[in-house]
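Naming: A, B, ... by sequence-line order, numbering from 1 per chain.
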2 protein chains.
Amino acid sequence: MKNTKQKEVILEAVYSMKTHPTADEIYTELKKDYERLSLGTVYRNLNQFAEQGKIRKVTMPAFGDRFDYRLEEHEHILCEKCGKVFDIHVDVAISSEFEDFTVTGHQLLLYGVCKDCKHSGKHMNTGDGSVIF
Amino acid sequence: MKNTKQKEVILEAVYSMKTHPTADEIYTELKKDYERLSLGTVYRNLNQFAEQGKIRKVTMPAFGDRFDYRLEEHEHILCEKCGKVFDIHVDVAISSEFEDFTVTGHQLLLYGVCKDCKHSGKHMNTGDGSVIF
DNA sequence: TTCCATGCAAACAATTTGCAGCAGT
DNA sequence: ACTGCTGCAAATTGTTTGCATGGAA
């Protein structure tokens, strides 16, 4: 794999934008400084980094794929109002064998309404009465 | 909401295909008997049913949206080789308040290799050493 | 008769890919 | 010099939408 300026700045962008950006958000951000950068290159490199385990790709229902520089085990919570994604640290212990499956990974996603959106006056659902995690 | 033949057979298809079908799979299946059925109608109705809580929409990374007739609380496990989705019943207890979030729902997705694919001789990853669920 | 739902095709959004030229080794 | 990487644009894929017509109430 060759070292290119593009690879460098794309990876750096994921590290510095701590907001779980989409490919397009990264592209838009970098475009300011790198006029000729192409969206295809951003996608190509993000996917490559994810395969190499340098970053993580997180698929969100209805809000597109996000990229996350945090490699440690953690889960995500998605605000359904603003689409922002936050990290949460919960202990999800999964055996590597489960009902005839060899389990290689998992993803836990919580949905809800974040603090800011709660206070911004929009109507919201009530909780569903579930228990402490 | 009006009762139409299309609504009837689409909903019935989700109930009878117990394979977590995509919209397109449902469409293809029904097209055999209903020549003039349109894919748009399938999408429209599936989304409507999901909103009404008659079925469930499950978003899978890399394999498109699936529809599930099972309404009870359960999670999914996705085979990375064949793309099949299976139900699993695990106890995921989540509080309705979590770090300033009002939690309205969650989704736990495990990835792995199913029994059939394990035995079909393809190379596979080793487990990641995690613990009993 | 009134409108909602459908079929159809076009529109869309997100992502991937083919290719010729350019740049890293 | 060789070959992979990039920019660009076109192609794909999955899904939604506008509109005229047909069918349920």
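In the 5' to 3' direction, nucleotides of DNA chain C lying under 4.0 Å from heavy atoms of chain B begin and end at C:dC3 to C:dC8.
Between B:Gln48 atom CD and D:dT17 atom P there is a gap of 13 Å when expressed in whole angstrom units. The distance from atom OH of B:Tyr43 to atom P of D:dT17 is 13 Å, rounded to the nearest whole Å. A straight line from CG of B:Leu39 to C1' of D:dG14 spans 9 Å, rounded to a whole angstrom.
Here the closest non-hydrogen pair linking B:Arg66 and B:Met60 is CG-CG, 3.7 Å.
Counting heavy atoms from C-beta outward, B:Ile55 and B:Leu46 have side chains that approach closer than 4.5 Å. A 4.5 Å side-chain heavy-atom check between A:Leu110 and B:Ile94 finds at least one atom pair inside the cut-off. Under the 4.5 Å side-chain criterion, counting only non-hydrogen atoms from C-beta, B:Val103 is not in contact with B:Glu97. Contact of the B:Lys84 side chain with the B:Thr19 side chain is not registered, since no non-hydrogen atoms from C-beta on lie closer than 4.5 Å.
For B:Asn47 and D:dT16, the shortest distance from a side-chain N or O to OP1 or OP2 is below 4.0 Å.
For the salt bridge (charged side-chain N to carboxylate O under 4.0 Å, His left out) test, residues two or more places apart in sequence or in another chain that qualify with A:Glu8 are A:Lys5. With sequence neighbours excluded, the residues satisfying side-chain hydrogen bond (donor to acceptor under 3.5 Å, both in side chains) with A:Asp87 are A:His20, A:Arg70, A:His74, A:His76. A:Glu29 is linked by a salt bridge (charged side-chain N to carboxylate O under 4.0 Å, His left out) to A:Lys32, counting only residues two or more places apart in sequence or in another chain. Every residue meeting the side-chain contact (heavy atoms from CB on, under 4.5 Å) condition with B:Gln52, not counting sequence neighbours, appears here in chain and number order: B:Met1, B:Gln48, B:Phe49, B:Lys54. Residues passing the side-chain hydrogen bond (donor to acceptor under 3.5 Å, both in side chains) test with A:Glu75 are A:His106, sequence neighbours excluded.
Of the possible donor and acceptor atoms, one in the side chain of B:Lys118 sits under 3.5 Å from a partner among the backbone N and O of A:Asp100.
Through direct or indirect side-chain contacts shorter than 4.5 Å among Ile, Leu, Val, Met, Phe, Trp and Tyr, B:Leu71 is connected to no other residue.
Of the residues in residues 13-37 of chain A, A:Arg36, A:Leu37 come within less than 4.0 Å of DNA chain D through at least one heavy atom, sorted by number. At a non-hydrogen distance threshold of 4.0 Å, nothing from residues 61-71 of chain A comes into contact with DNA chain D.
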In 5'-to-3' order, the base (B), backbone-only (S) or no-contact (-) status of each nucleotide in nucleotides 18-25 of chain D, using a 4.0 angstrom heavy-atom cut-off, is B----BBS

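Bending across the helix from C:dT1-D:dA25 to C:dT25-D:dA1, expressed as the angle between its end axes from five pairs apiece, amounts to 30° (10° rounding).
The distance from the OG1 atom of B:Thr59 to the CG atom of B:Asp65 is 4.0 Å, given to the nearest 0.5 Å. The OG1 atom of A:Thr104 lies 8.5 Å from the OH atom of B:Tyr111; values are rounded to the nearest 0.5 Å.
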Table please: side-chain donor-acceptor pairs of residues 34-44 of chain A below 3.5 Å, with sequence neighbours left out.
residue, atom, partner, partner atom, Å
A:Ser38, OG, A:Gly40, N, 3.2
A:Ser38, OG, A:Thr41, N, 3.4

